[in-house]
**Q** 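Pasting in a structure now, in structure tokens, and then I'll have a few things to ask.
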Amino acid sequence: MPHTLNHAQRLLRELEPCLPDGVERVLDRPPYWDPVFCELFFERTEEVTFCDPQAGLKLARVAPRLAMAVPESNGAAGRREHNERVARAYSLLGSAQRVAERHHDADGSFQKALQICTRRKISGTCRVEIYLRLAVFRSCQKRFTEAFQLVARSTSLCESENDDKWLSVTLATRGAVCARARLFPEAVSVLSEVLGNYRLSPRVEYSATHNLAYAVSEAANPNLESALEHLRKARRLLGPRRSVQKCKLYWVEGLIHIRLGRTERAERLFRKALAGFEKFEAPYETALVGLDLSALLRFERRWGELEQLTDKTYRRFRELREDTEAVASLRLWIEAAQMRTLTEELITEVKEKIEEWMRRHPAPGTVRRRRQRR
């Protein structure tokens, strides 16, 4: 018999002090091989990934093996539930790898989830979850045609099953893909509909609000004050805890304040974002927000502070990544700051290169500091 919810929750609480580094103990103890506990583990993995991608990835790597360890119940329904559990575990791992900037690995995990969708019987709801996770990943890769196709398939499944809960998530995902594809009017329309007409989970509401703020600020006739309101709402939804997501909001808000001429406020937000990205070992975000902050310091001719910023950011990036080309590009940035010849054009060029490598080459680098501990 599956565990009761209370018993599964108690097991998770007992496991919590061991997370994330001791997560593999769930593979060694049969009490954890339970469908109710497995579902709670998936939820906890999602929460940790949202706040701390590197820690979340450690949990997500265990998810497929835990799903396969849960005994399959008798009959067709039992087989379907087992297939769904394993497929969802691989898609959860793919999402965690995406957030942790390991796109090559994420591709492999999503392919395993899709193979189960193709070869096994699973529910429409399970397919929707996998398709939407993959749609977000494809949009990060700028493969927008595929992303919209996956969203369309999810929409059809939700409508055929009259599933408003997943339809709201599907619409929020479509809005996010539109925003990434710079289809800002459509993004504003879809996200406004979602926020106005559906009851959303806190995480989906946060995502929709964040993406709406971005779309509003980047539209042809942007309403920057409205965008700031949406960002503040998104930050409130995240609560008091610091996370990678909250740091991204500080960063975006800082960029909007720059456009409004509020440089002191922008600098404070950039520095808060930078400190958070360093704490959560997010190398590309550390580099990108450092570049944005350097543009402000350069404009105000604060050369001493600029040299300190570029040196610290460069060293931190090298600690966390081994991307030779990205390091070389950042080296040009630091040398220009030292020579006081840094230009907006060079900052923009380096940012574009970092963003491109972030999309195409996130997997090979290994955190050096962690490797030295082994």
Side-chain angles (χ1 to χ4, degrees), residues 53 100-103 140-142 180 182 214 217-218 222 224 244 247-369 371:
E101 302 170 359
R102 296 179 176 273
H103 289 191
C140 291
Q141 297 175 303
K142 293 197 170 184
R180 283 188 179 273
R182 303 189 68 81
Y214 171 67
S217 69
E218 294 293 325
L224 298 181
V244 169
C247 293
K248 289 181 179 179
L249 292 181
Y250 290 140
W251 181 16
V252 175
E253 189 175 342
L255 291 170
I256 293 176
H257 280 293
I258 286 287
R259 294 171 66 181
L260 290 168
R262 302 168 186 167
T263 55
E264 290 185 9
R265 176 63 177 158
E267 181 178 347
R268 288 197 297 272
L269 290 163
F270 285 157
R271 291 192 183 279
K272 287 180 74 171
L274 187 60
F277 289 143
E278 290 174 350
K279 175 182 182 294
F280 290 109
E281 299 185 342
Y284 289 109
E285 287 83 355
T286 297
L288 291 170
V289 76
L291 284 157
D292 283 328
L293 180 54
S294 76
L296 188 154
L297 297 177
R298 174 206 162 275
F299 178 77
E300 296 183 349
R301 305 184 70 80
R302 293 156 59 183
W303 297 108
E305 294 175 62
L306 178 58
E307 287 183 39
Q308 291 177 1
L309 169 71
T310 54
D311 181 64
K312 180 181 178 183
T313 304
Y314 174 76
R315 284 188 287 106
R316 188 59 175 151
F317 188 89
R318 290 199 64 181
E319 288 175 5
L320 296 172
R321 300 299 290 182
E322 296 174 346
D323 295 349
T324 304
E325 295 180 45
V327 167
S329 185
L330 287 171
R331 186 66 197 172
L332 294 176
W333 174 58
I334 191 175
E335 289 173 352
Q338 292 169 345
M339 298 292 292
R340 302 194 176 185
T341 58
L342 187 62
T343 63
E344 287 187 27
E345 290 76 14
L346 178 59
I347 293 172
T348 299
E349 179 182 340
V350 175
K351 277 192 68 176
E352 289 174 351
K353 288 181 178 179
I354 295 294
E355 288 168 347
E356 183 67 18
W357 287 314
M358 184 177 179
R359 288 190 296 270
R360 294 189 178 182
H361 307 293
T366 302
V367 178
R368 291 181 177 179
R369 181 162 50 81
R371 187 174 61 201

**Q** Does Q338 have any side chain to side chain donor-acceptor pair (under 3.5 Å) partners at least two apart in sequence or in another chain, and if so, which?
**A**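 Here no residue qualifies.
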**Q** Using ring pair (Phe, Tyr, Trp, His ring centres under 6.0 Å) as the criterion, list what pairs up with Y250, not counting sequence neighbours.
**A**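 Expected list: none.
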**Q** Name all residues meeting the side chain to side chain contact (heavy atoms under 4.5 Å, CB included) criterion together with R180; count only those two or more places apart in sequence or in a different chain, and write none if there are none.
**A** S139, C140, F144
**Q** Among all residues two or more places apart in sequence or in another chain, which pass the side chain to side chain donor-acceptor pair (under 3.5 Å) test with R268?
**A** none
**Q** Please collect all salt bridge (Lys or Arg N to Asp or Glu O under 4.0 Å) contacts where either partner lies in residues 251-264, sequence neighbours excluded, each pair once.
**A**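 For residues 251-264: E218-R259, E225-R262, R235-E253, E253-R265.
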**Q** Mind checking side chain to side chain contact (heavy atoms under 4.5 Å, CB included) for T286 and listing every partner two or more places apart, or none if nothing turns up?
**A**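 Counting only residues at least two positions away or on another chain, T286 forms a side chain to side chain contact (heavy atoms under 4.5 Å, CB included) with L274, F277, E278, T313, R316.
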**Q** Locate the shortest heavy-atom distance separating L309 from G290; write the atom from each residue and the value.
**A** CD2-O, 3.5 Å
**Q** Taking the side chain as C-beta and beyond, is there a heavy-atom pair between V327 and Y314 under 4.5 Å?
**A** yes
**Q** Could you pull out the closest heavy-atom pair between A287 and I354, with the gap in Å?
**A** CB-CG2, 4.4 Å
**Q** Considering all heavy atoms of both residues, which atom of P222 and which atom of S217 are nearest to each other, and what is their separation?
**A** CB-O, 3.1 Å
**Q** If you compare all heavy atoms of C247 against all heavy atoms of A273, which two are closest, and at what distance to 0.1 Å?
**A**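 Taking C247 first and A273 second, the nearest heavy atoms are O-CB, 3.4 Å.
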**Q** Check step by step if side chain to side chain contact (heavy atoms under 4.5 Å, CB included) holds for W333 and L291.
**A** CA-CA 9 Å; W333 174 58; L291 284 157; 3.4 Å; yes
**Q** Output every pair passing salt bridge (Lys or Arg N to Asp or Glu O under 4.0 Å) with a member in residues 282-298, not counting sequence neighbours, ordered by first then second residue.
**A**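 Residue pairs with at least one partner in residues 282-298: D292-K351.
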**Q** Keeping to residues at least two apart or across chains, list the salt bridge (Lys or Arg N to Asp or Glu O under 4.0 Å) pairs with something in residues 330-339.
**A** R331-E335
**Q** Between T263 and L296, what is the shortest heavy-atom contact and its length?
**A**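 Heavy atoms of T263 and L296 come nearest at O-CD1, 3.6 Å.
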**Q** According to side chain to side chain donor-acceptor pair (under 3.5 Å), who are the partners of R315, at least two apart in sequence or on a separate chain?
**A** D311
**Q** Can you see which heavy atom on A295 is nearest to which on I347, and at what distance?
**A**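 Scanning both residues, the minimum pair turns out to be CA-CD1, 3.6 Å.
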**Q** So, using side chain to side chain contact (heavy atoms under 4.5 Å, CB included) as the criterion, who are the partners of T343 when residues are at least two apart?
**A** E345, L346
**Q** Applying side chain to side chain contact (heavy atoms under 4.5 Å, CB included), can you list everything that pairs with K353, at least two apart in sequence or on another chain?
**A**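 Expected list: S329, E349, W357.
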